[in-house]
Protein chains: 2
Amino acid sequence: MVTIKDISEACGVSTATVSKALNGYGDVGRATADLIRETAKKMNYYPNAAAKQLKTSVSHNIGVLFIDETCCGLTHEFFSEILNSAKTEAERLGYDITFICKNIAGREASFLEHARYRKCDGVLVASVDFKSQAVQDLVYSDIPTVSIDYVYNDRSSVLSDNVEGEYELTKYLIEHGHRRIAFIHGESTSVTDKRLSGFYRACEENGIEVPDSYIMESRYHDIESCRDTVKILMDQKERPTAIIFPDDYSYIGGRQGLEEMGLRIPEDVSVVGYDGIRLTRALSPKLTTYYQDTVEIGIRSVRKLIDIIENPKTSIAEQIKVQGRIQEGKTVKDLLQ
Amino acid sequence: MVTIKDISEACGVSTATVSKALNGYGDVGRATADLIRETAKKMNYYPNAAAKQLKTSVSHNIGVLFIDETCCGLTHEFFSEILNSAKTEAERLGYDITFICKNIAGREASFLEHARYRKCDGVLVASVDFKSQAVQDLVYSDIPTVSIDYVYNDRSSVLSDNVEGEYELTKYLIEHGHRRIAFIHGESTSVTDKRLSGFYRACEENGIEVPDSYIMESRYHDIESCRDTVKILMDQKERPTAIIFPDDYSYIGGRQGLEEMGLRIPEDVSVVGYDGIRLTRALSPKLTTYYQDTVEIGIRSVRKLIDIIENPKTSIAEQIKVQGRIQEGKTVKDLLQ
DNA sequence: TATGCTTCCGAAATCGTTTTCGTACCTCAA
DNA sequence: TTGAGGTACGAAAACGATTTCGGAAGCATA
């Protein structure tokens, strides 16, 4: 491995000068600096990350908290797309990505300890149990964090606008003449709360009263759960004319359930999803859904995180909302025609 | 941050002794070692990764080469499942995972340079352009590597048995009475070659001649491409009775294409996929496919990599084959009944 | 008592950087 | 000539760990 010392010898200067030249400090002569930089390139020099980190305590490494307790973290298309986009953006900006976990060299540790151990400059928090103590310890530590799709007090986050999204989606149904709209939502989380609020707002604004039996809890990204729930939902005399599913993936289950009951989409009942993952374009009938801009979410969260890292003084905690949009498919019947 | 020095002071011993006690060296007294370990735990000590790495040149960090040039690396369920499983296993064994890319702190570099910069103990090579020079430079360096689904000379790899898999799948079709079998394969890669070879072997063994027009090239994980290809394929007078798709995801497109031609599955034509991703269980009709054990692939590749890292002398280069199995759905019609 | 062997521990060098502070030299005005 | 001020560079001390090597103590044996 070629070190700073090799370069210093090759150039006949001290290691201090080499370091300064390579890092663009002012107090080194123009000619010397040029020579050093050229020699470094010629000798194929790359700094030793460990030494640099040891001395400066910055690692150019961002951690990602992306735990798969439900076994669908990484394999959930929504999250893997975000991760993919975040990875690309981070690399472009010169940061590496390391997964944070609860192991340090084989020994049990907390997320925070792990992040410290690896000296992560910052951590992206996504797809975890946001309310758990372990995660909160990390978020409220001195390590910069950005959370995705969840808001912590005084911390930055990037969110798709769930209130607005569900509001738009509901309004879309209403504009197509639906007034008996059911909402199968996911587990109780802040995301769920927001979607519910957007849903209710759209209903209220249009003078629609929603019977309790139209609101059912299922689970995100769970085919079976949605299939069963939809059956219970549709087993009442005053059936809804439209159903909102927790997400696109649930549509697969919902569709099965409806089919087993002999109900056709959209002739007998209209449905919409949420996420706009690629998959939906492929299912038939093509699902009408609310597209979340995963690429944008990934990019914005990394940029914000790096902003906090590099400008700790001026960077402010903020909630960055990423707009989505209705993606029309063929699962909503227009009752007004 | 609590360092080894703090512990040494608290215990009234030297830092050398602390280090030795914590690393289980023999030449430290029983009582002293116990005291040191207890104190370390009490003071919530964790070693400084950078310092450790600087001194020992081992990082407990494994790199993952997982490039997304085709924009489907991470979001391809097959790979994201492998990554997920590899991540879990690596963490269990005390290793962290970092993505390898072509950027070092903002400066352009090669994969190899990046891996050296981060002092990766080893690298998992998956889902890249295996034949590119940059990847080969890395694989044939002194850094331990394990490749997934691709074999390099004298290097270890973990593969699903593609020859056997496609052979089994073809035999399954033949056993169900099919003799006019078409194969839409993916881009030309070593995986494709193996699958073709398994396919041909099964045909030969059963005295089946395959017309050239039954072999068509499409692309992996590409809905549109498969949809178009299947239309061309079925636009000939002597139509096949069964089609093998490049993978499960392609089934979505293939199904569309067939539907648009008014062909029903499996009444008019039988189809099979490859991979066995979760999605297939949800599509209807449920796809008959060859399940690849992604969890096992992830685990085995990490274990092998760590074996090479920790036992460089005794570990031998080998190809580890992971068995899959036929996963029966409802897309193959039994012509013999 | 002298000798040799263990056992236990510490001093100090080292890994490859960064960074402070001092110094030598030069320039220029008074 | 002197002194102030600026520029260019280097010596050396860190950062937090590991590891070599030597030495002190304790004990048994001759």
Side-chain angles (χ1 to χ4, degrees), chain A residues 1-37 39-40 43-61 104-107 109 113 116-121, chain B residues 1-37 39-40 43-61 94 104-107 113 116-121:
Chain A
M1 228 193 63
V2 27
T3 74
I4 225 173
K5 187 142 169 282
D6 300 321
I7 298 180
S8 78
E9 281 163 7
C11 295
V13 296
S14 75
T15 61
T17 306
V18 175
S19 172
K20 283 186 278 193
L22 257 23
N23 289 297
Y25 277 62
D27 71 338
V28 57
R30 184 101 164 74
T32 321
D34 284 346
L35 174 65
I36 290 174
R37 272 191 289 266
T39 313
M43 296 177 76
N44 209 23
Y45 165 80
Y46 282 93
N48 180 309
K52 197 162 196 156
Q53 199 179 119
L54 175 58
K55 193 61 187 148
T56 62
S57 280
V58 329
S59 62
H60 271 281
N61 197 9
I104 294 182
R107 202 176 131 202
E113 286 163 341
R116 277 203 212 290
Y117 171 71
R118 284 286 175 204
K119 280 262 185 308
C120 291
D121 295 337
Chain B
M1 227 193 64
V2 26
T3 73
I4 226 175
K5 186 143 170 281
D6 300 321
I7 298 180
S8 78
E9 281 164 8
C11 295
V13 297
S14 76
T15 61
T17 306
V18 174
S19 172
K20 282 186 280 193
L22 257 23
N23 289 298
Y25 277 61
D27 70 340
V28 63
R30 185 104 163 71
T32 321
D34 284 347
L35 173 66
I36 290 173
R37 272 191 289 265
T39 314
M43 296 178 74
N44 208 21
Y45 166 80
Y46 283 92
N48 179 308
K52 198 165 197 154
Q53 201 180 116
L54 177 58
K55 191 61 186 144
T56 62
S57 279
V58 328
S59 62
H60 272 281
N61 197 8
I104 294 183
R107 201 175 130 202
E113 286 163 340
R116 278 202 210 291
Y117 172 70
R118 284 285 174 205
K119 279 261 184 309
C120 291
D121 295 338

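Computation of the quantities below employed the complete heavy-atom set of this structure, encompassing side-chain atoms and omitting hydrogens, waters and symmetry-equivalent molecules. Order of the sequence lines sets the chain letters (A, B, ...), proteins ahead of strands, with each chain counted from 1.
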Worksheet item: For the pair made of CG in Leu35(B) and P in dC8(C), what is the distance, rounded to whole Å?
Response: 15 Å
Response to the item:
When rounded to whole Å, the NZ to P distance for the pair Lys5(B) and dA12(C) reads 15 Å
Worksheet item: Distance check: side-chain N/O of Ser14(B) vs OP1/OP2 of dG10(C), anything under 4.0 Å?
Response: yes
Worksheet item: Looking at side-chain heavy atoms only, is the closest gap between Ile4(B) and Tyr45(B) below 4.5 Å?
Response: yes
Item to complete: Identify the two heavy atoms, one from Ala21(B) and one from Val28(B), that lie closest to each other, and give their separation to 0.1 Å.
Response: CA-CG1, 4.1 Å
Worksheet, complete the sentence: Assign each of Arg30(B) and Leu54(B) the nucleotide of DNA chain C bearing its closest heavy atom; nearer the 5' end lies the nucleotide of Arg30(B)
Worksheet, complete the sentence: Glu9(A) CD to dT17(C) P, in whole Å, measures 13 Å
Fill in: Axis-to-axis angle between the two ends of the helix from dT1(C)-dA30(D) to dA30(C)-dT1(D) (five base pairs per end, rounded to 10 degrees)
70°
Worksheet item: Any side-chain heavy atom of Arg118(A) within less than 4.5 Å of one from His60(B)?
Response: yes
Item to complete: Could you check how far OH of Tyr117(B) sits from C1' of dT17(C), rounded to whole Å?
Response: 11 Å
Practice prompt. Can you sort out the partners of Asp6(B) under salt bridge (Lys or Arg N to Asp or Glu O under 4.0 Å), two or more places apart, ordered by chain and number?
Written response: none
Worksheet entry | Residue list, side chain to side chain contact (heavy atoms under 4.5 Å, CB included) with Met1(A), at least two apart or on another chain | Thr3(A), Asn48(A), Lys119(B)
Fill in: For Ser14(B), all residues meeting side-chain hydrogen bond (donor to acceptor under 3.5 Å, both in side chains), sequence neighbours excluded
Thr17(B)
Fill in: Lys20(A): partners by salt bridge (Lys or Arg N to Asp or Glu O under 4.0 Å), with sequence neighbours left out
Asp27(A)
Fill in: Integer-rounded Å distance: dG10(C) C1' and Ile36(B) CD1
12 Å
Item to complete: Summarise protein proximity over nucleotides 18-26 of chain D in one line of letters, 5' to 3': B for base, S for sugar-phosphate only, - for none, counting protein heavy atoms closer than 4.0 Å.
Response: BB-------
Worksheet item: Nearest-Å distance, CZ (Arg116(B)) to P (dC15(C))?
Response: 18 Å
Worksheet item: Which part of the nucleic acid, if any, lies within reach of Thr32(B) when heavy atoms closer than 4.0 Å are counted: base, sugar-phosphate only, or nothing?
Response: sugar-phosphate
Worksheet item: What's the spacing between Gln53(B) CD and Asp121(B) CG if we round to 0.5 Å?
Response: 8.0 Å
Discussion item. How long is the straight-line distance from CD1 of Ile7(B) back to CD1 of Ile36(B), given to the nearest 0.5 Å?
Written reply: 8.0 Å
